[in-house]
Amino acid sequence: MTPTRVSKHHDDDHDHGAHQEPGFLGFVKRWVFTTNHKDIGTLYLTIAMVNFLLAGAMALLIRSELFLPGHRLIAPDFFNTMTTMHGLIMVFGVVMPVFVGLANWQIPMMLGAPDMALPRLNNWSFWLLPFAFTILLSTFFISGSAPNYGWTFYAPLSTKYGPPSTDFMIFAIHIMGMSSILGSINIIATILNMRAPGMKLMQMPMFVWTWLITAFLLLAIMPVLAGTVTMMLTDRHFGTSFFDAAGGGDPILFQHLFWFFGHPEVYVLILPAFGVISEILPTFSRKKLFGYHFMVYATAAIAFLSYIVWVHHMFTAGVPIQAALIFMYSTMLIAVPTGIKIFNWVATIFKGSITFETPMLFAIAFLFMFTLGGFSGLMLAIVPADYQYQDTYFVVAHFHYVLVPGAIFSAIAAVYYWIPKWTGHMYNETLGKLHFWLSTISLNITFFPMHFLGLAGMPRRIPDYALQFTDFNQIATVGAFIFGFSHLIFLYNIIQTVRGKGKKATKRVWEGAHGFEWTLPSPPPYHSFLTPPVFVEEASSHEAWDVSDHHEK
Amino acid sequence: MTSHTKGSYYLPPPSKWPLVGSAGIFCLLFGLANWLHGNHFGTVLFGIGAMLIIYMIFGWFGTVIRENEAGLLNNEQVEKSYRWGMIWFIFSEVMFFSTFFGTLFYIRVYSVPWLGGEGIGDLTHVLLWPNFVAKWPLLATPNPNEFTAPHSVMNTWGVPALNTLILLTSGVTITIAHWGLLKKKRTQLAIAQLATILLGISFLIMQGVEYGEAYMEKGLRLDAGAYGNTFFMLTGFHGLHVTLGTIMLIVIFGRILKGHFTPAHHFAFEAVAWYWHFVDVVWLFLFIFVYWI
Ligand SMILES: [Cu+2]
């Protein structure tokens, strides 16, 4: 059998590795000045992990306060800052960076490129982030209060009535937006320009496709967020009235602008996750991805539709009923391409010879629970029903079901899937499975009861609740603590793998894995492909994986 | 990380400029936030940030220009990466301006008429500000005690029309410069480039005159209700971009005098020309929607 993709790469004969001078200063200089996609990918993944633990700890504080009704543990204002910062950090500090980190590691390798197209810009995109988070976290030390109006920072809570720290949050968002825009430009340039000779767009791995589309989403929405927070700033300090009706503006305009950013943003969080799942399911089912072309079109359709649904966040805010109805239908339309994706994933594993390694377990959990989150999303899209659900725990349950087993699980799956390639060592499978079962079960213990709480009328973002909600809240809190601590197993497993404790990984790592990254040694050379490999089309592009082709193992 | 084989993609060595840039932006914005809250070290930090950013711009662009003159970037694929980078950067700028245009349309089409009692706004109108009459330009705000509206607004066919003419002409002169570059007519290139710069500067001067008139005579200020807000936000950010574009044109002019750029290889010139055209097109929309209709 001939390998499906031929690599002309002469095995790292002139791979010079990282240039690291001796000593602590050398270490710092290597990581701070690096222009290497793998180093930068590692930095992104690290900052995401640190922020994940930080924002997770905030969630546990929230759950502790909600363990019993009444005002018990933390002051109400501090509770509000916790919900705000938990959301902001999870979105901007965890899910976005973790996928950019994966993109950095994987896209050049998957395309057969030596590095990202614009390596210095790549470094800049990353190093803006620690500065942005320094500013964001500095708000805890500013008199008044840290941001306390929810991660959506609606006007006038954040303008007229916002604490002084709001301005710091605004500038942190400006810097994060810059980082995302520069990162997206780089990813687009890489994908359009750095593909191995012979690789056409419709032959790219799905993960690359989803990132290409995500990068376009980011380019279109991050400037809108930047403009919006700029108007907040002028409303706060320079006497403008964009979000104040007394001067002719409208606080609801803020919601329109925020959600014009915010809805595509949730697809920024989930499309790369779709890409990861589309890589993992075929590998462990030992089948090609079902309906590759439809997967690409569906992703593009979701991205397009995501621009014209934002008002579904504002049904109760006072928009004309015609607008609410139009946006209800456009929102429901998203279920069509999403349904295509779910169908194709199921068809991919159908009749496959499946094995259940940790990445596959997380991917299958994604399939079930993301779909569940999608269904509650459909319920929320129905205008009259939404009048009932708006601002209750049902909404909290919905978006945690799409983001935790959706975005977070697929990121975890991706780390388990690719870490043998990155480090050259296998992770500990037993611990991986333990992490999976603990986190999956506890996730459902945490978030499933929130559906009932919401339907029964428990409002979100309030530190206290009526007595009858106590039982479900206690269950959720217990689940949250198990969920939180289960990730320490994950962290331990990663650290041990990076330290080289596991057994050596082969080139291909997984029996059913296909693509350029698996033709490189594990760990791969510092510059992935200095001489571009030649992309050889398989029997009929993506239609024919040769399942028996694993002689490299 | 030197001597890659010929034809391979240029991978720059580790660089300090991104970190300098990040630190500069941090100092600038963290300083500004402190400044807004009356902390005096904020002003200092702001100044340090601005200097760091200027240092970064000189250092980073200087590095790229040196690499370019050394022939390291003389590679079709590398140049294409820069092209894609610039194109999508301009796209993100377009979206930034769209935010403010969107705001303008929303305020004109929805929020102001609603405040005047139309559509879903009848109760708001009756209960909050029954005396407010919806009209654009907004010469009376819903609550005049809080926000003072301007007495009058700019005359479309005065300075704004002249500025339109100036910018359109500059779009022509930069194209003439480009032709000169392509046909190796260096004098034509230099003169047309200089003309573009002078047109850019005269636009800025006219805009300054207009702002003076708006503030001193018409009471048209940034805080003069929704009309002033959108007027200054849109023209202000546009003016900022013209300023940046003019600085970029001046840098290119300097490089022209130094003999840089060949007919086959002049990406920096093109990038600045694209940027200039972008600024030009934004102005046309401004002229139509802010000044004219
Ligand atoms: Cu949405």
Side-chain angles (χ1 to χ4, degrees), chain A residues 16 19 29-30 32-35 113-115 117-121 123-124 127-128 131 134-135 164 167-168 171 174-175 178 181 184-186 188-189 192-194 219-224 226-228 231 234 237-242 245-250 253 256-257 318 320 527 530-531, chain B residues 1 4-5 8-9 11-19 21-23 25-26 29-30 32-33 36-37 60 77 80-82 84-85 88-89 91-93 95-96 98-100 102-103 106-107 110-112 114-115 119-120 124 128-129 138 141-143 146-147 222-223 225-229 233:
Chain A
H16 9 242
H19 290 258
K29 273 167 96 176
R30 178 228 166 137
V32 167
F33 297 152
T34 184
T35 46
D115 207 299
L118 304 159
R120 273 182 295 233
L121 201 65
N123 174 301
W124 202 18
W127 277 105
L128 284 168
F131 289 102
T134 307
I135 297 184
D167 304 309
F168 292 81
F171 289 131
H174 274 127
I175 302 179
M178 262 188 75
I181 289 168
S184 306
I185 288 173
N186 207 350
I188 294 175
L192 294 181
N193 194 29
M194 304 290 282
L219 272 190
I221 61 173
M222 292 315 285
V224 175
T228 308
M231 286 187 267
T234 58
H237 291 284
F238 302 104
T240 60
S241 50
F242 289 108
D250 188 352
L253 171 61
H256 280 292
L257 290 168
H527 298 296
L530 275 179
T531 316
Chain B
M1 202 169 305
H4 289 299
T5 46
S8 76
Y9 197 83
L11 297 175
S15 168
K16 69 173 176 183
W17 299 117
L19 188 80
S22 302
I25 286 168
F26 171 81
L29 293 183
F30 194 65
L32 182 56
L36 287 172
H37 291 285
W60 195 332
Q77 202 184 8
K80 216 169 167 187
S81 292
Y82 281 114
W84 281 125
W88 293 111
F89 171 69
F91 173 74
S92 76
E93 290 269 50
M95 288 309 295
F96 184 71
S98 309
T99 314
F100 300 115
T103 300
Y106 182 88
I107 287 176
Y110 296 113
S111 73
V112 167
W114 284 343
L115 287 167
I120 62 169
T124 315
L128 279 180
W129 299 294
L138 202 63
T141 61
N143 184 353
E146 228 183 307
F147 297 98
L222 175 64
D223 56 6
Y227 186 85
N229 301 162
M233 210 63 158

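In what follows, chains are A, B, ... by sequence order, proteins preceding strands, each numbered from 1. Everything numeric in this text was worked out from a predicted model, so none of it was measured.
- Residue A:Thr234 touches chain B through its side chain alone, counting heavy-atom pairs closer than 4.5 Å.
- For the pair B:Tyr106/A:His256, a side-chain contact is recorded, criterion being any heavy-atom separation below 4.5 Å from C-beta on.
- Listed here is the closest heavy atom pair of A:Gly248 and B:Pro142: N-CD, 3.6 Å.
- Nearest heavy atom pair, residue A:Pro114 against residue B:Tyr9, reads CG-CB, 4.1 Å.
- Relative ring orientation between B:His37 and A:Phe168 is described as parallel, the plane-to-plane angle staying below 30° on a 0-90° scale split at 30° and 60°.
- For the residue pair B:Leu11 and A:Leu530, the shortest heavy atom distance occurs at CD1-CD2, 4.1 Å.
- Contacts with chain B were tallied for A:Asp115, A:Thr134, A:Leu118, A:Thr34; A:Leu118 has the most, counting heavy-atom pairs under 4.5 Å.
- Between A:Met194 and B:Gln77 there is a side-chain heavy-atom pair separated by less than 4.5 Å.
- Among the candidates A:Ala226, A:Pro119, A:Gly227, A:Gly318, the residue making the largest number of heavy-atom pairs closer than 4.5 Å to chain B is A:Gly227.
- Across A:Pro223 and B:Thr99, no two heavy atoms sit closer than the pair O-OG1, 3.8 Å.
- Residue contact with chain A, scored on non-hydrogen atoms closer than 4.5 Å, involves the backbone and the side chain of B:Phe96 alike.
- In this structure the side chain of A:Trp124 reaches within 4.5 angstrom of the side chain of B:Ile25, judged on heavy atoms.
- Residues A:Trp127 and B:Pro18 are not in side-chain contact: their nearest non-hydrogen atoms beyond the backbone lie 4.5 Å or more apart.
- Of the two parts of B:Trp60, only the side chain, counted from C-beta on, holds a non-hydrogen atom closer than 4.5 Å to a non-hydrogen atom of chain A.
- Here the shortest heavy-atom pairing between B:Leu138 and A:Gly247 reads CD2-O, 3.6 Å.
- Heavy-atom distances place the side chain of A:Met178, and not its backbone, under 4.5 Å from chain B.
- Using a 4.5 Å cut-off between heavy atoms, B:Leu222 contacts chain A through both its backbone and its side chain.
- Interface remark: of the candidates A:Pro164, A:Ala189, A:Ser184, A:Pro164 forms the most heavy-atom pairs closer than 4.5 Å to chain B.
- The candidate with the highest count of non-hydrogen atom pairs below 4.5 Å against chain A, out of B:Thr124, B:Leu115, B:Val112, is B:Leu115.
- For a residue to count as touching a neighbouring chain, one of its non-hydrogen atoms must lie under 4.5 Å from one of that chain's; by this rule A:Leu253 touches chain B with backbone and side chain alike.
- Of the residues considered (B:Gly21, B:Ser98, B:Ser81), B:Ser81 shows the highest number of contacts with chain A, using heavy-atom pairs under 4.5 Å.
- Judged by distance alone, the side chain of A:Asp250 and the main-chain N or O of B:Ile107 form no donor-acceptor pair under 3.5 Å.
- Taking CG of B:Asn229 as the reference point, atom CZ of A:Phe238 lies at 13.0 Å (rounded to 0.5 Å).
- Contacts of A:Leu219 with chain B are made by both backbone and side-chain atoms, with heavy-atom separations under 4.5 Å.
- At a threshold of 4.5 Å between non-hydrogen side-chain atoms, the residues B:Trp88 and A:Asn186 do not count as touching.
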Self-check item: Intermediate values then yes/no, side chain to side chain contact (heavy atoms under 4.5 Å, CB included), A:His174 and B:Leu29
Solution: CA-CA 9 Å; A:His174 274 127; B:Leu29 293 183; 4.3 Å; yes

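- Summarising the geometry of B:Ala226 relative to A:Gly249, their closest heavy-atom pair is CB-N, 4.4 Å, with the distance given to 0.1 Å.
- Taking B:Phe30, B:Tyr82, B:Tyr227 one by one and counting their heavy-atom pairs under 4.5 Å with chain A, the maximum is reached by B:Phe30.
- Interface residue B:Ser15: backbone and side-chain heavy atoms are both found under 4.5 Å from chain A.
- Comparing B:Phe89, B:Trp84, B:Tyr110 by how many heavy-atom pairs each has under 4.5 Å with chain A, the most go to B:Trp84.
- Contacts of A:Leu128 with chain B are made by both backbone and side-chain atoms, with heavy-atom separations under 4.5 Å.
- Looking only at side-chain heavy atoms (C-beta outward), A:Phe171 and B:Leu32 come within less than 4.5 Å of each other.
- Note: B:Trp17 CH2 to A:Asn123 CG = 13.0 Å, rounded to the nearest 0.5 Å.
- Considering only heavy-atom pairs separated by less than 4.5 Å from chain B, the leading option among A:Val32, A:Ile221, A:Ile175, A:Val224 is A:Val224.
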